[in-house]
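Below, all heavy atoms of this structure are taken into account, side chains as well, without hydrogens, waters or symmetry copies. So you know, we letter chains A, B, ... as the sequences are listed, proteins then strands, and number each from 1. As the structure is a prediction and not an experimental result, all values here were calculated from the model.
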Protein chains: 2
Amino acid sequence: MTFDEVLADLQAQAKTTKHAETGLWVAAQLRSRIEAGKLKPGSKLAEEALCEALGVSRNTLREAFTALHAEHIVTRIPNRGVFVAHPTADDIREIYRVRRFLEPAAVLWSGDASMETLAGIIKAARAAAVDGDIPGMAGANQDFHRAIVERAGSERLNNLMDQVLAEMRLVFHSMAANPAFHEPYVEDNAKIVELLEAGKLAAAADFLAGYLDRAEAQLLAAVER
Amino acid sequence: MTFDEVLADLQAQAKTTKHAETGLWVAAQLRSRIEAGKLKPGSKLAEEALCEALGVSRNTLREAFTALHAEHIVTRIPNRGVFVAHPTADDIREIYRVRRFLEPAAVLWSGDASMETLAGIIKAARAAAVDGDIPGMAGANQDFHRAIVERAGSERLNNLMDQVLAEMRLVFHSMAANPAFHEPYVEDNAKIVELLEAGKLAAAADFLAGYLDRAEAQLLAAVER
DNA sequence: CGCCGGAAGATTGTTGAACAATCTCGGGTT
DNA sequence: AACCCGAGATTGTTCAACAATCTTCCGGCG
């Protein structure tokens, strides 16, 4: 989708919906389009054009920009403008540093009642796999890892994980998405749930840690190509 | 310190220093005064008075407010204004949820070269203890826990820990500070470093977890009084 | 032919002012 | 004493202007 097409899309939205908390609404609009891949990493977000399309002032748009910047979804270059973030190899390393810290620790956390949630996600992932539904598999994978961290029951940690997962979506958009990437992880996730149900927490954490290492290496290889 | 005195103080600062990135500078000024306890939890931050004192526009001040709000340092009530945050019992529980998750896991992390940093902090804490220097002990304690999380080597995790520690400072300011609160933790921290130096990571993590539970209970009891 | 200033145009950074919406406080009524 | 309502004050939101910086294009020079 080109920048101009996104502009037209935004303009349509602006007319039909009324926005409470305009700045946050603008941020949400941009975020959803970036995460859906309609705005590709590296695209410049021109202020004047977006203001016009959304029917908001530059001031409001810039407020939205600062919010997206804090989420690492967007890069600001002084006096040059804002661009959809383009994760580097270092960014990927940082993402996995956080994930390798959070997720195995969350697995060890004796999360009480998350098991049926996890089972449901696995079921959805398998259904997507047999249909060859790539976005479905990707979504289920994100849901899975989010649910893992949710075991800790902390809002702050959930927010951090959400940010990291959002950045992961950018990583996928910024490289030529290998359609088969998510497929093997469906059964890896299933195995983790199995180990959890068997009460083998340490084994599940170990397996997850190794799996994260593998995924990181795979993404780094793809990005440096 | 009263609100008016802080205003005079800010006005003096505004004239002598030049600010790059005005919004961030304003946020830093307010943050430092809040964390130093000059602005007490519950104080209202009136827009017009602060604008005048700082010599910035309301627009800029509000930008600073949103930054502080994101850090949970400040509470926004729509159409009523912003107030220095006043941590509730639930806030304390959330803080310790994060700390109990991050810190023991970070201890287990085979952090390489953080030992001399930790040793230095312990030394400073003991020096403050013999002097009866309460702020010194509190500062060393914060440094210690920050250094623990730093072992993971992740910028995001460090930021999260910084935020949590900033909220901890608010907790101390919002309750009648028991001067002896920090004293026993000097030797508790020392014991953790000892266990780490002996390579007993699991024991160190366990001890730290119990210690956090104890501190949380102590703070909750003090707040609900 | 290619490279190096330099001015014009465009874009972003920052601020001040205006207007609308909401809250607070006082006075008056029942 | 409890309730209602209007004036004043404060916050939420937007617009418009100016300053600073970057980009582009052009002519001169080696």
Side-chain angles (χ1 to χ4, degrees), chain A residues 2-4 6-7 10-11 13-30 34 39 42-70 73-86, chain B residues 2-4 6-7 10-11 13-30 34 39 42-70 73-86:
Chain A
T2 72
F3 185 66
D4 286 336
V6 173
L7 283 183
L10 284 171
Q11 199 164 10
Q13 279 288 317
K15 280 178 181 164
T16 59
T17 69
K18 48 208 94 254
H19 29 279
E21 301 265 346
T22 320
L24 296 179
W25 177 80
V26 171
Q29 294 294 316
L30 292 176
I34 290 172
L39 289 166
S43 306
K44 174 169 182 179
L45 300 178
E47 288 192 358
E48 195 150 354
L50 286 172
C51 285
E52 181 117 5
L54 287 160
V56 300
S57 70
R58 277 183 55 209
N59 221 320
T60 305
L61 179 64
R62 289 172 61 76
E63 182 184 333
F65 280 166
T66 66
L68 295 176
H69 181 60
I73 287 178
V74 126
T75 303
R76 271 196 128 131
I77 305 179
N79 294 312
R80 298 267 316 261
V82 317
F83 303 82
V84 179
H86 201 316
Chain B
T2 73
F3 184 66
D4 285 335
V6 172
L7 282 184
L10 284 172
Q11 199 164 8
Q13 279 289 316
K15 280 179 182 163
T16 59
T17 68
K18 49 209 94 250
H19 27 279
E21 299 261 351
T22 320
L24 294 180
W25 177 81
V26 171
Q29 293 294 315
L30 293 175
I34 290 172
L39 288 166
S43 306
K44 175 170 181 177
L45 301 177
E47 288 192 358
E48 196 150 350
L50 285 172
C51 286
E52 181 117 4
L54 287 160
V56 301
S57 69
R58 276 184 58 210
N59 223 322
T60 305
L61 179 64
R62 291 173 60 75
E63 183 184 330
F65 279 167
T66 66
L68 295 176
H69 181 61
I73 289 178
V74 126
T75 304
R76 269 197 130 131
I77 305 179
N79 294 312
R80 299 262 320 257
V82 318
F83 303 81
V84 179
H86 201 316

Of Val82(A), Leu50(A), Leu45(A), the one forming a side-chain contact (heavy atoms from CB on, under 4.5 Å) with Leu61(A) is Leu50(A)
Quick check on contacts: within residues 60-67 of chain A, what sits under 4.0 Å from DNA chain D by heavy-atom distance? Thr60(A)
To the nearest Å, give me how far apart [atom1] ([X]) and [atom2] ([N]) are.
X: Glu52(A); N: dC15(D); atom1: CD; atom2: P; value: 11 Å
X: Leu54(B); N: dT15(C); atom1: CG; atom2: C1'; value: 15 Å
X: Asn59(A); N: dG16(C); atom1: CG; atom2: P; value: 13 Å
X: Arg58(B); N: dT13(D); atom1: CZ; atom2: C1'; value: 9 Å

Output the distance between atom CG (Leu68(B)) and atom CD (Glu63(B)), rounded to the nearest 0.5 Å. 11.0 Å
Nearest non-hydrogen partners of [X] and [Y], listed with the distance:
X: Phe65(B); Y: Val74(B); result: O-CG1, 4.4 Å
X: Ala64(A); Y: Val26(A); result: CB-CG1, 3.5 Å
X: Ala27(A); Y: Ala67(A); result: CB-CB, 4.4 Å
X: Arg76(A); Y: Thr66(A); result: NH1-CG2, 3.1 Å

If you find the nucleotide of DNA chain D closest to Ile77(B) and the one closest to Ser57(A), which residue's nucleotide is nearer the 5' end? Ile77(B)
According to salt bridge (Lys or Arg N to Asp or Glu O under 4.0 Å), who are the partners of Arg58(B), at least two apart in sequence or on a separate chain? Glu47(B)
Leu30(A) vs Ile73(A), side-chain contact (heavy atoms from CB on, under 4.5 Å): CA-CA, chis, key distance, verdict: CA-CA 10 Å; Leu30(A) 292 176; Ile73(A) 287 178; over 6 Å; no
Donor/acceptor link under 3.5 angstrom from Arg76(A) side chain onto base of dG13(C): no
Measure all distances between protein nitrogen or oxygen atoms and nitrogen or oxygen atoms of nucleotides 9-11 of chain C, and list the pairs falling under 3.5 Å.
none

